[in-house]
Amino acid sequence: MSEVKNLTAPLSEADVRDLHAGDIIILSGTIYTGRDAAHKRLCSLLDENRELPVDLDGQMIYFVGPCPAPPGRVIGSAGPTTSGRMDAYSPRLIKECRLRGMIGKGDRNQAVKDAMREYGAVYFAATGGAGALIAKSIVNAEVVAFDDLGPEAIYRLEVKELPLVVAIDSHGKTLY
Amino acid sequence: MRTVPFDDVVQTVRAMCGKAACLLPPDVLEALKKGSLTESSALGKAFFQQYLENASIAENENMPLCQDTGFAVYFVEMGTGVKLDSGTIEEALNEGTRLGYKDFYLRKSIVADPLFDRKNTTTNTPCILHLQSVPGDKIKITLAPKGGGSENMSALKMLKPSEGRDGVVKFVVDSVVNAGGNPCPPTVIGVGIGGTMEHAAYLAKKALLRPVGTPSTDPRYAELEAEILEKVNASGVGPQGLGGNVTSLSCHIEFFPCHLASLPVAVNLNCHAARHAEVEI
């Protein structure tokens with residue numbers, strides 16, 4: 001294992017360029033959620049030249065569809081979903097919206113890696129199937145767009161010490 | 001003829017949904033503990049620690065192990081000497097699923113139309129039912145909630161009989177290795193061999209119900225399971241697909257007679273949170 005770094009989101013391009021595949025990251029700060037349906041809607045809005053409900057410039061999207069929050073909790077189980085399904089959309093968000101990072105599980109395609117390298121974005125792996133553990137690192141959750149999508153709505157999350165691994169860096173290096 | 005109240009089945013199923021989502025079965029927990037000792041990569045070992053910690057949080061705090069609380073897949077053995085006082089078993093399962101997924105704060109993951117509007121049914125129904133008629137007056141219900149990430153890595157191929165044992169090994173190993181980190185390895189590999197196309201797929205899913213680490217009772221198939229597991233673990237995919245020597249915890253093969261022209265093989269994977277719950281009414 002490589003070095004362990006504490007980072008606070010949102011990240012700058014310089015932060016991202018300094019990350020290397022294999023680095024262990026403890027992430028705190030603000031991130032957004034989004035998965036299949038939300039990505040599809042974001043790209044439809046881009047097609048129509050309309051404003052997005054969330055400014056993604058410099059932000060990170062965590063590919064997750066959480067369980068409903070039980071009483072007294074901010075969120076239910078919240079582990080990553082398979083990132084490959086977002087490959088069709090991510091390059092566009094990186095290029096046109098300057099999305100800075102993504103968190104998910106599993107490999108990405110070449111188009112995503114190329115966009116990450118060109119525009120300075122990073123891809124983190126969260127631990128798939130550890131949703132109860134990850135929920136402990138989420139201290140606040142608020143739906144900010146596409147409420148009608150239920151678990152697929154876009155949430156703004158405040159995370160505290162979320163354990164991640166740099167799976168693909170902005171230099172084209174990958175752990176997969 | 002024994003009569004069981006419809007609502008008894010509903011309440012039993014409701015409780016099963018919560019239990020299956022939050023409680024990792026002892027066989028899986030044991031396999032994860034064993035895997036954490038076998039895994040050689042430092043990162044892989046760290047993932048195993050997280051899986052064990054996750055299972056403990058899920059159990060103690062009634063939190064789902066994974067946010068993908070899955071498609072509710074039921075295997076039901078219905079005795080010929082038992083009936084419900086009203087409705088059908090399928091209706092009771094759907095109602096129990098609806099209540100369980102609501103009351104235990106599980107994620108509703110089913111969309112009504114697969115292709116066009118993909119609108120969430122908001123109840124996690126309909127469920128999937130595999131119903132079998134058996135002697136006796138009991139109803140045995142097994143719930144295996146199935147997450148999308150691992151289900152999406154399923155594979156099926158109608159091999160030529162001439163491809164034989166080697167063909168089966170290659171197809172299964174390739175399917176697991178190509179799945180990479182997507183199905184949340186270490187996985188449990190379910191394999192169905194024989195029958196027809198759809199029966200092989202059913203057998204592959206049914207194979208996942210066998211307690212993790214229990215070999216086939218047929219020594220030839222047990223040997224095949226061991227060989228597939230060894231090859232998969234030598235691939236280096238590892239926990240989360242990020243490298244290591246424990247890519248799968250177990251390989252289970254179920255088989256069935258087949259047509260003389262055919263050799264159907266299906267692969268269905270379970271993630272490391274290999275959930276299932278069973279009850280007899």
Yes or no on side chain to side chain contact (heavy atoms under 4.5 Å, CB included) for Ile24(A) and Leu43(B), after CA distance, side-chain angles and deciding distance?
CA-CA 9 Å; Ile24(A) 310 291; Leu43(B) 187 55; 3.7 Å; yes
Got a sec: does the CG of Asp117(B) have more than 12 other heavy atoms crowding it under 6.0 Å?
yes
Euclidean distance, Ser109(B) OG relative to Glu152(A) CD, rounded to 0.5 Å
8.5 Å
In terms of heavy-atom pairs under 4.5 Å with chain B, the winner among Gly150(A), Ser83(A), Ala37(A), Gly106(A) is Gly106(A)
In plain terms, say whether Glu61(B) and Lys136(A) are close enough for a salt bridge, that is, a side-chain N and a carboxylate O under 4.0 Å apart.
yes
Quick check on the interface: out of Gly65(A), Gly76(A), Pro163(A), who has the most heavy-atom pairs with chain B under 4.5 Å?
Gly65(A)
Answer with side chain, backbone, both or neither: which region of Pro70(A) has an atom nearer than 4.5 Å to a non-hydrogen atom of chain B?
both
Which donor-acceptor pairs under 3.5 Å do the side chains of residues 93-100 of chain A make with protein atoms, sequence neighbours left out?
from      : atom 1 : to        : atom 2 : distance (Å)
Glu96(A)  : OE2    : Arg92(A)  : NE     : 2.9
Arg98(A)  : NH1    : Lys95(A)  : O      : 2.5
Arg100(A) : NH1    : Gly120(A) : O      : 3.0

Please report the interatomic distance CG(Leu133(A)) to CG(Leu65(B)), rounded to the nearest 0.5 Å.
11.0 Å
Identify the heavy atoms of Thr82(A) and Gly149(B) that sit nearest to each other, and give their distance.
OG1-CA, 3.7 Å
Is the shortest heavy-atom distance from the side chain of Cys184(B) to the side chain of Lys105(A) under 4.5 Å?
yes
Determine the option with the most heavy-atom pairs under 4.5 angstrom with chain A, choosing from Ile57(B), Asn152(B), Val111(B).
Ile57(B)
Heavy-atom distances under 4.5 Å only: say whether Asp68(B) touches chain A with side chain, backbone, both or neither.
neither
Closest non-hydrogen atoms of Met63(B) and Ala132(A), given as atom of the first, atom of the second and distance, are CB-CB, 3.9 Å
For Glu51(A), I'd like to know if atom CD has over 12 heavy atoms of other residues, nucleotides or ligands within 6.0 Å.
no
Heavy-atom closest pair (Tyr51(B) atom, Gly128(A) atom, distance to 0.1 Å) is CE2-O, 4.0 Å
Would you compute the distance between atom OG1 of Thr127(A) and atom NE2 of His272(B) and round it to the nearest 0.5 angstrom?
8.0 Å
Residue-level contacts of residues 164-176 of chain A with chain B, using a heavy-atom cutoff under 4.5 Å
Val165(A), Ala167(A), Leu175(A), Tyr176(A)
Quick one: what part of Asn62(B) sits under 4.5 Å from any heavy atom of chain A, side chain, backbone, both or neither?
neither
Roughly how far, to the nearest 0.5 Å, is SG of Cys67(A) from CZ of Phe104(B)?
13.0 Å
Work out which heavy atom in Pro68(A) is nearest to a heavy atom in Tyr105(B); give both atom names and the distance.
CD-O, 3.3 Å
How long is the span from the CG atom in Asn182(B) to the CG atom in Asp107(A), to the nearest 0.5 Å?
8.0 Å
Please look at Ala78(A) and chain B and tell me whether the side chain, the backbone, both or neither of the residue comes under 4.5 angstrom of a heavy atom of that chain.
backbone
Minimal heavy-atom distance between Pro64(B) and Ser77(A), with the atoms involved, is O-OG, 2.8 Å
Honestly, the part of Lys108(B) sitting under 4.5 Å from a heavy atom of chain A is both
Rounded distance [0.5 Å steps], SG in Cys66(B) versus CD1 in Ile134(A)
9.0 Å
Taking every non-hydrogen pair under 4.5 Å, which of Thr69(B), Asn120(B), Leu106(B) racks up the most with chain A?
Leu106(B)
